[in-house]
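Each remark here refers to the structure printed beneath this line.
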There are 2 protein chains.
Amino acid sequence: MSQPTEQSPERSSGRAVPTSADVARLAGVSRATVSYVLNNTSAVRISEPTRQRVREAAEELGYVPHAAARSLRAGHSRMVLIPSSHVPVGPLYSRFFNDFQWALRRLDYTVVQYGSVGLEAEEAARAWAELRPVAVVSLGEVELTGQGVEILKRSGARAVITLGTQRVEGTHALVMDQGRVGEVATEHLLETGRRRIGVVVPEEPGLGMFSGPRLDGARRAAERAGATVVPLPLRYEEESADALAARWRELGLDGVFAYNDEYAMLLMRSLQDAGISVPDETAVVGADDLLLGRLLRPRLSTVRIDMVLGRELAELVDHAVRETDAPPVSRDLLDSRIVRRESS
Amino acid sequence: MSQPTEQSPERSSGRAVPTSADVARLAGVSRATVSYVLNNTSAVRISEPTRQRVREAAEELGYVPHAAARSLRAGHSRMVLIPSSHVPVGPLYSRFFNDFQWALRRLDYTVVQYGSVGLEAEEAARAWAELRPVAVVSLGEVELTGQGVEILKRSGARAVITLGTQRVEGTHALVMDQGRVGEVATEHLLETGRRRIGVVVPEEPGLGMFSGPRLDGARRAAERAGATVVPLPLRYEEESADALAARWRELGLDGVFAYNDEYAMLLMRSLQDAGISVPDETAVVGADDLLLGRLLRPRLSTVRIDMVLGRELAELVDHAVRETDAPPVSRDLLDSRIVRRESS
DNA sequence: TTGAAAGCGATACCAT
DNA sequence: ATGGTATCGCTTTCAA
């Protein structure tokens, strides 16, 4: 016989946490029957009166099944773990993310975000693996190494999906081709006759995943047309923008793609304060089509990004989980197009 | 003897998921010893050579402990569950939230966000309770009823903390006194001689938790001074702002507190387009001190909100978990002050 | 210093 | 139609 364990049997509400055994006792049936009733097991037939008694007992005790015990027994969970980002996100992404979670829940998955700020890639992967998720969907802001993927798969994860700007070995890579954003913006500037094009590169950490590819895309477009691209490091602060505006004329740029609408607004304001006329002297293009881009004058031209539907991605996750053998897919999720207003 | 279970023993990597038994076998020791070594159990002394062998075996197999099994055995988890919001958040909140999570992890908690979009309050509480979190910290955007709190506590949650605008029975209520924001803004407008004050109330759902108290605070301040407050419903769209601006003169307002900087910018632009001069004819005050408030002209006056440190809140959670008996605290977490610029 | 074994809660066989 | 029971992975007591 073992001794009573060290845990306190009482809880704040005064009673111990009810288990299925408690429900069984109260209903005068076995734990097996409780399980059958509460899970609507179709393989077994339980009489209606018994079902009633069990349900009432569960209700009375405030019984909630213990997910850990269940998944331990089952040998798997239906948890989808999403390493959560530390970057404040815009309304676009936010909407997508909600749809995604909602769709996953409809497919009967438990969606959990795991905040991993300040953890090393491998360390983080181990922490996630402890929860034995059936799938991990990394939304790109968190590092995920081949090593980390291996840890997750060894621990039973049936699918690892990265939604980012580049592929990671062993994962389903959903590519958000940020390069297209820079390409579309630059093509537009070229069409309006600009030849020396600045590309704002935010200095804030955590944005490199987006800004790098956007710059590359701009370079590609410019190269095709024999135009020039100049990277412009910028912090999201007035001082930084003012400093950039102060040396604008010596840069000799006639167009600028400003990473996104917020940086574009910031820069445009500084340019105007420095006496540089937009769009006559320099055209400005942002990205994300935020409402605020319409508030400043001239109204900001922008690249509108249409993201994949959350539901689509959820179905892809579901598919990846069920067909572990299927080869990793690699799809592009973005569609970008220019919205021309007055700043270009 | 029971039959082999229904679960597949193989995983995608080809091998089965390693358990502590596998580690024990490879190291040539018992499972108990593995547990002692891997958890650095101080009550037992294991020889250094044995420790080595165990650690190497664990490393080689890529062993990661099974959190569910562990907490099942332990009778409790160290999971802090945070129902995640569906509202896009600003940089201020985002920073606080990261700090908070980081601090909790330092205190050895596992922080997990649970997306509950589209779930009823009680339904959501049950879903959370299945994970048997030791604490639930609701950041205000999600509904949490007394009923829900009861479910959580019955399921073993030692602390339920709400960080919101109003108290919920049975919880530690960390109050973010949004009323102060409206009060501070309105007091400022009164000091500059304004007497008929509009208060923007966003029509977007999910913002009621903030906008209601802010309006109430404005009313309190106005009442003390014998001034008038007029609520102004507004959608975050240009058309809505234009419509409001079109009937501005008949409203006869000489000051407006616009909920936050974004709504303030939106409204100010429409006012200017309608030929109403800011601040001469109408003063405008926002809130949140966003950078974008400095981009439009005149520069936007705002209410700067200082939020509690994430670390403080984490310590409070830890305390609540350890001292279940302690009475629910109720603290104010915000400090608001006016930042006067040119729009007022 | 190490091992054997009980048991956390839920489930799904098999037998009744 | 129900009940008994072995089992999932891990920790910890007790015995050796």
Which distance, rounded to the nearest 0.5 Å, do you find between the CD1 of B:Ile151 and the CD of B:Glu122?
4.5 Å
Please report the end-to-end axis angle for the helix from C:dT1-D:dA16 to C:dT16-D:dA1, five pairs per end, rounded to 10 degrees.
50°
For a 4.5 angstrom cut-off between non-hydrogen side-chain atoms, does B:Leu152 reach B:Val149?
no
Whole angstrom value for the distance that separates P of C:dG9 from CG of B:Leu131
16 Å
Taking the minimum atom-to-atom distance to the side chain of A:Ser30, which one of D:dG9, D:dG3, D:dT12 wins?
D:dG3
Calculate the interatomic distance between B:His76 atom NE2 and D:dC10 atom P; express it in whole Å.
16 Å
Is B:Ser47 close enough to C:dT2 that one of its side-chain N or O atoms is under 4.0 Å from OP1 or OP2 there?
yes
SB check A:Glu130 A:Arg126 (cutoff 4.0 Å)
no
Those residues that, when tested against B:Asp108, pass side-chain contact (heavy atoms from CB on, under 4.5 Å) (two or more places apart):
B:Arg78
Do A:Arg132 and A:Ser77 get their side chains close enough for a donor-acceptor pair, meaning under 3.5 Å?
no
For the residue pair A:Phe97 and A:Tyr93, categorise the inter-ring angle as parallel (less than 30°), tilted (30 to 60°) or perpendicular (more than 60°).
parallel
In whole Å, what is the span from the OH atom of B:Tyr36 to the P atom of C:dG3?
10 Å
Quick one: is C:dG3 close enough that its OP1 or OP2 comes under 4.0 Å of any side-chain N or O from B:Thr33?
yes
Please tabulate, for side-chain N and O atoms in residues 313-321 of chain A, each donor-acceptor pair with protein atoms closer than 3.5 Å (sequence neighbours left out).
residue: A:Asp318; atom: OD1; partner: A:Tyr109; partner atom: OH; Å: 2.5
residue: A:Asp318; atom: OD2; partner: A:Arg322; partner atom: NH1; Å: 3.1

Classify the side chain of A:Arg31 and the base of C:dA10 as holding, or not holding, a donor-acceptor pair under 3.5 Å.
yes
Considering only heavy atoms, which members of residues 50-61 of chain B lie under 4.0 Å from some atom of DNA chain D?
none
Give the table of side-chain donor-acceptor pairs shorter than 3.5 Å for residues 55-71 of chain A, with sequence neighbours excluded, one pair per line with atom names and distance.
residue: A:His66; atom: ND1; partner: A:Ala68; partner atom: N; Å: 3.3
residue: A:His66; atom: ND1; partner: A:Ala69; partner atom: N; Å: 3.3
residue: A:Ser71; atom: OG; partner: A:Ala67; partner atom: O; Å: 3.4
residue: A:Ser71; atom: OG; partner: A:Ala68; partner atom: O; Å: 3.4

Rounded to the nearest angstrom, tell me the gap between atom CG in A:Leu38 and atom P in D:dT2.
15 Å
Check the distance between C:dG9's C1' and A:Arg70's CZ and give it to me in whole angstrom.
11 Å
Whole-Å distance between C:dT2 P and B:Asn39 CG?
16 Å
Of B:Ala68 and B:Val44, the one whose closest nucleotide on DNA chain D sits nearer the 5' end is B:Ala68
Could you check how far CZ of B:Arg73 sits from P of C:dA6, rounded to whole Å?
12 Å
In terms of heavy-atom contacts, does CD of B:Glu123 have more than 12 from other residues, nucleotides or ligands at under 6.0 Å?
yes
Strand-adjacent residues in residues 19-29 of chain A, judged by heavy atoms under 4.0 Å from DNA chain D
A:Gly28, A:Val29
Does the side chain to side chain contact (heavy atoms under 4.5 Å, CB included) test come out yes or no for A:Val111 and A:Trp102, once each step is laid out?
CA-CA 9 Å; A:Val111 184; A:Trp102 184 83; over 6 Å; no
Could you tell me whether A:Arg53 atom CZ has more than 12 heavy atoms of other residues or ligands within 6.0 Å of it?
yes
Expressed in angstrom and rounded to an integer, what is the separation of B:Arg132 atom CZ from C:dC8 atom C1'?
12 Å
As a quick check of understanding, evaluate side chain to side chain contact (heavy atoms under 4.5 Å, CB included) for A:Val137 and A:Leu139, giving each step before the final call.
CA-CA 6 Å; A:Val137 182; A:Leu139 270 352; 4.0 Å; yes
